[in-house]
Structure formats: C-alpha cells, structure tokens
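The structure under discussion appears below in the form of structure tokens.
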Amino acid sequence: QVQLVESGGGLVQAGDSLRLSCAASERTLSGYAMAWFRQAPGKEREFVAASNSGGGNSRYADSVKGRFTISRDNAKNTVYLQMNSLKPEDSADYYCARSIRPFTVVPGMRMSEYNYWGQGTQVTVSS
C-alpha cells in the first residue's frame, strides 16, 4: 500500500515562502506523475501543480503560476512544492497525490487521475 506523507505547512505572513514535502513510504513515486491539490474551508479541492514521472513536464494552476514550483527527487521518493510570494488566498490544506497511470508524458490536473493521497498539511497565510 502506498503511503504519502506531507509536511512543511505552517503559519506565515503574506509575501513569505514555504516548501512543502511529500514523502512516499516506499519506492513508488518513480514512473508516476505526482500532483499537489489544495482545499480551503468550505471550498472544493482544487488542482495546484503536477509533475510527470521524469520531472521534465510540469503544469500549474493559473493562480499559482510564477509563484509555485513543483519538483521531485525520485531517489528520495519525495516531491516538493516551493511556494513563494504567498497570499492569504493560498491558505488551505495541501495534499499530494500519485497518478493512477504510470509514465504519462503530460501530468493530469483532475482529481480522478490520482488514486493515492496524503493526509494533507495546513498552510495559513496571514495578511
């Protein structure tokens, strides 16, 4: 069973940076796209960023383009989300997820394309 554990969340001020990490319980990230989603209170979970298995193709939500960067270290079974210039509207629980299909060239942006999820890490950005 694949287990994903997020970390790195916290309370920061607007304009600050955070780096989230998502560690897998075993060598299960290599070959699969990985994504970050987020869910704010009272809102639906939304796509944030995704990386294909090799890390050479990434996609971002328009709201985070230019501020967030997804990266991965397959040797360490870890995916990262570097978040810069944080805004109060970035406050949410952040979840990492692993794709259902391996070796996809273009990583998906829909929740239905991912079947393993972490428990989430909370990010709060104060104004």
Side-chain angles (χ1 to χ4, degrees):
Q1 182 74 7
V2 175
Q3 290 186 325
L4 303 174
V5 180
E6 302 95 336
S7 62
L11 172 62
V12 297
Q13 293 186 331
D16 286 350
S17 298
L18 275 178
R19 188 177 81 155
L20 306 184
S21 299
C22 170
S25 57
E26 55 190 71
R27 291 193 63 182
T28 57
L29 298 189
S30 181
Y32 290 87
M34 295 295 297
W36 287 93
F37 289 78
R38 67 186 182 186
Q39 186 168 19
K43 295 187 177 181
E44 294 185 350
R45 193 170 297 190
E46 63 176 4
F47 171 78
V48 175
S51 168
N52 71 344
S53 58
N57 192 337
S58 300
R59 304 175 77 181
Y60 296 92
D62 288 341
S63 59
V64 306
K65 278 181 183 177
R67 300 188 298 121
F68 290 12
T69 303
I70 187 171
S71 62
R72 60 192 296 161
D73 186 336
N74 287 337
K76 294 183 177 180
N77 299 312
T78 303
V79 178
Y80 305 97
L81 184 68
Q82 178 66 44
M83 306 187 295
N84 298 329
S85 302
L86 282 162
K87 304 176 181 179
E89 52 263 43
D90 294 318
S91 297
D93 291 327
Y94 283 72
Y95 300 88
C96 67
R98 198 193 82 169
S99 66
I100 296 173
R101 297 179 61 187
F103 306 116
T104 53
V105 175
V106 179
M109 300 172 66
R110 296 173 295 182
M111 289 178 56
S112 60
E113 296 178 271
Y114 297 86
N115 61 341
Y116 287 107
W117 295 80
Q119 84 292 344
T121 186
Q122 187 174 55
V123 172
T124 303
V125 185
S126 63
S127 57

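- The salt bridge (Lys or Arg N to Asp or Glu O under 4.0 Å) analysis of residues 115-127, with sequence neighbours excluded, yields no pairs.
- With hydrogens and angles left out, the side-chain atoms of Arg72 and Asn74 include a donor and acceptor closer than 3.5 Å.
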Could you go through the side chain to side chain contact (heavy atoms under 4.5 Å, CB included) check for Ile100 and Tyr32 one step at a time?
CA-CA 8 Å; Ile100 296 173; Tyr32 290 87; over 6 Å; no
Run the side chain to side chain contact (heavy atoms under 4.5 Å, CB included) check on Ile70 and Trp36 step by step: do they pass?
CA-CA 8 Å; Ile70 187 171; Trp36 287 93; 3.6 Å; yes
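- Of the possible donor and acceptor atoms, none in the side chain of Asp73 sits under 3.5 Å from a partner among the backbone N and O of Asn77.
- Among the candidates Val79, Thr78, Leu81, the single residue satisfying the side chain to side chain contact (heavy atoms under 4.5 Å, CB included) test with Met34 is Val79.
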Hey, mind stepping through Glu46 and Met111 against side chain to side chain contact (heavy atoms under 4.5 Å, CB included) and telling me if it holds?
CA-CA 8 Å; Glu46 63 176 4; Met111 289 178 56; over 6 Å; no
Applying side chain to side chain contact (heavy atoms under 4.5 Å, CB included) to Phe68 and Asp90, what does each step give before you reach the verdict?
CA-CA 11 Å; Phe68 290 12; Asp90 294 318; 3.9 Å; yes
Identify all side-chain donor-acceptor contacts of residues 9-20 below 3.5 Å with residues at least two apart in sequence or on another chain.
{"from": "Asp16", "atom 1": "OD2", "to": "Gln13", "atom 2": "N", "distance (Å)": "3.1"}
{"from": "Ser17", "atom 1": "OG", "to": "Asn84", "atom 2": "OD1", "distance (Å)": "2.9"}

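- Using a 30° and 60° split on the angle between ring planes, Tyr114 and Phe37 fall in the perpendicular class, above 60°.
- Shown here for Val48 and Val64, the closest heavy-atom pair between the two residues is O-CG2, 3.5 Å.
- Taking 4.5 Å as the limit, some side-chain heavy atom of Thr69 sits within range of a side-chain heavy atom of Tyr60.
- Taking every heavy atom of both residues into account, Ala40 and Ser91 meet most closely at CB-O, 3.7 Å.
- Using modelled atom types, no side-chain atom of Arg59 and backbone atom of Ala50 make a donor-acceptor pair closer than 3.5 Å.
- Under the 4.0 Å criterion applied to side-chain N and carboxylate O atoms, Asp62 and Lys65 are assigned as salt-bridge partners.
- The stretch residues 94-103 participates, sequence neighbours left out, in these side-chain hydrogen bond (donor to acceptor under 3.5 Å, both in side chains) pairs: Arg38-Tyr94.
- In this structure, Ser51 and Pro107 have side chains that are not in contact, with every pair of non-hydrogen atoms separated by 4.5 Å or more.
- The disulfide (SG to SG under 2.5 Å) contacts involving residues 62-127 comprise Cys22-Cys96, where partners must be two or more places apart or lie in separate chains.
- A salt bridge does not link Arg45 with Asp93: none of the charged nitrogens is closer than 4.0 Å to a carboxylate oxygen.
- Other members of the hydrophobic cluster containing Val106, listed by chain and number, are Val105; membership follows side-chain contacts under 4.5 Å among ILVMFWY residues, whether direct or relayed.
- At least one donor-acceptor pair closer than 3.5 Å links the side chain of Ser25 to the backbone N or O of Gln3.
- Applying the salt bridge (Lys or Arg N to Asp or Glu O under 4.0 Å) definition to pairs two or more places apart or across chains, those involving residues 107-127 are Arg110-Glu113.
- For Val123 against Met83, the heavy-atom pair with the smallest separation is CG2-CE, 3.9 Å.
- The two residues Thr104 and Ala33 have their closest heavy-atom pair at OG1-CB, 3.8 Å.
- Contact record, Phe47 with Gly108: CE1-O, 3.8 Å, taken as the closest heavy-atom pair.
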